[in-house]
Amino acid sequence: MPTIYLNGQYLPLEEARIPVMDRGFLFGDGVYEVIPVYSRRLFRLHEHLDRLQASLDSIRLTNPHTAGEWESLIAHIVELAESEDQGVYLQVTRGPGPRDHAFPQQARPTVFIMPLAMTAPARELVESGVAAITAQDNRWLRCDIKATSLLPNVLLRQLSVDAGSAETLLLRDGFLSEGSASNLFIVADGLLLAPPKSNLMLPGITYDVVLELARAQGIAHEIRPISEAELRGADEVWLTSSTKEVLAVTTLDGQPVGDGRPGPVFQRMHAAYQDYKHTVMRGKDKQ
Ligand code: PMP
């Protein structure tokens with residue numbers, strides 16, 4: 001049974017309780033982060049904490065902890081975790097209050113941290129790529145907030161499960177925004193394209209890593225809106241996330257992407273990503 005952190009206490013997951021009047025439960029009024037841990041080293045911790053701060057600012061909730069406090073709370077969860085490789089899930093809600101949409105006079109945020117079983121995608125998946133479907137992005141206009149209110153993402157993700165595929169790629173007004181739980185890239189005529197960060201997508205930590213690696217590797221790339229036609233005509237489509245790392249989408253809505261196999265630019269990026277992960281594991285990179 002994993003040990004978790006809840007509002008000042010470390011305790012077994014099965015003993016953790018929150019009041020039913022918690023606004024996280026009633027309204028999904030909270031934000032979260034998922035941080036990968038490799039060889040007990042946190043991957044891009046500071047970037048995750050910065051994004052947490054941005055999410056908290058967006059929902060007008062004061063950060064209950066300093067960066068230093070977060071670091072020691074998270075480090076302790078990593079220390080206690082059974083596995084060397086996993087993830088840390090953390091969530092901050094606006095806490096308990098009367099059931100009223102308006103903020104309570106004084107919020108007492110609920111802070112929850114737990115280890116998350118997380119394994120890098122199996123080699124077969126990296127080698128074969130995954131199938132994806134498309135759907136209209138019917139979410140709100142603040143997809144840049146990593147909010148716990150994920151009902152639209154849940155419903156969109158389930159569409160791909162129902163279709164036997166790995167992800168739902170979202171199109172809004174004819175342009176690609178992101179996946180239901182990932183960011184997206186395409187390769188067209190040798191050029192790597194990424195949609196620009198905006199209120200319509202989550203600013204992925206993995207998205208940033210991939211663009212940094214593209215720069216470092218001299219992979220030609222451009223950050224600009226990607227149309228539905230460009231997506232459908234792409235030579236390669238990738239999805240990125242903390243849990244999936246970088247994966248090639250090789251079938252889209254039942255049609256092969258390019259020749260139906262992970263492409264050459266993906267192979268380069270995947271190798272660069274694995275190398276980078278190893279430098280983090282050896283503690284040679286900023287964390
Ligand atoms: N977009 C959405 C909607 C997500 O839920 C996620 C994370 N699962 C991502 C993008 C990728 O973000 P990150 O690389 O920080 O995991």
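All ligand and atom numbering here is 1-based and tracks the order in the structure.
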Return the closest protein heavy atom for [atom] as residue, atom name and distance.
| atom | answer |
| --- | --- |
| atom 1 (N) of ligand 1 | Glu178 OE1, 2.6 Å |
| atom 14 (O) of ligand 1 | Thr206 OG1, 2.5 Å |
| atom 8 (N) of ligand 1 | Ala181 O, 3.1 Å |
| atom 11 (C) of ligand 1 | Asn183 OD1, 3.6 Å |

- Message: Centre-to-centre under 6.0 Å for Tyr207 and Phe185, is that the case here?
- Response: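 That pair passes the under 6.0 Å test.
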
- Query: What do you reckon, is CG of Asn138 surrounded by more than 12 foreign heavy atoms closer than 6.0 Å?
  - Reply: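 Yes.
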
- Asp208/Arg44 ion pair, N-O < 4.0 Å: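 Salt bridge absent between Asp208 and Arg44.
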
- Message: If the threshold is 4.0 Å, N to carboxylate O, is there a salt bridge linking Arg261 and Glu127?
- Response: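 Salt bridge flag = no for Glu127 with Arg261.
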
- Leu61, Tyr89: one ILVMFWY side-chain cluster at the under-4.5 Å cut-off?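 No, separate clusters.
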
- Using a strict cut-off of 4.0 Å, indicate which atoms of ligand 1 neighbour a heavy atom of Lys146.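 Checking each atom against Lys146, I get 7 (C).
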
- Task: Check each atom of ligand 1 against the heavy atoms of Asn153 and keep those under 4.0 Å away; list them by number with element.
- Result: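 Once the distances to Asn153 are compared, the set is 3 (C).
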
Are any of the N/O atoms in [X] less than 3.5 Å from those in ligand 1?
| X | value |
| --- | --- |
| Arg51 | yes |
| His48 | no |
| Ile205 | yes |
| Ser242 | yes |

- From the candidates Gly204, Ser182, Pro152, the one that places a heavy atom nearest atom 10 (C) of ligand 1: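 It is Ser182 whose heavy atom sits nearest to atom 10 (C) of ligand 1.
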
- Message: When you measure from the heavy atoms of Pro203 to every atom of ligand 1, does any distance fall below 4.0 Å?
- Response: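 Pro203 does not count as a contact of ligand 1 under the 4.0 Å cut-off.
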
- What do the steps show when you test Asp253 against Thr134 for side-chain hydrogen bond (donor to acceptor under 3.5 Å, both in side chains), and what is the final call? CA-CA 7 Å; Asp253 291 332; Thr134 56; 2.6 Å; yes

- Item | ring pair (Phe, Tyr, Trp, His ring centres under 6.0 Å) assessment of His76 paired with Tyr5 | CA-CA 9 Å; His76 197 48; Tyr5 172 88; 9.3 Å; no

- Below 4.5 Å, heavy atoms only, C-beta onward: do Thr148 and Val31 meet side chain to side chain?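 No; the side chains remain at least 4.5 Å from each other.
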
- Query: Can you tell me if His270 and Glu245 form a side-chain donor-acceptor pair at under 3.5 Å?
  - Reply: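 Side-chain D/A pair, His270 to Glu245: absent.
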
- Message: Using a 4.0 Å heavy-atom cut-off, which part of Cys143 comes near ligand 1: side chain, backbone, both, or neither?
- Response: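 It is neither part, as no heavy atom is under 4.0 Å.
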
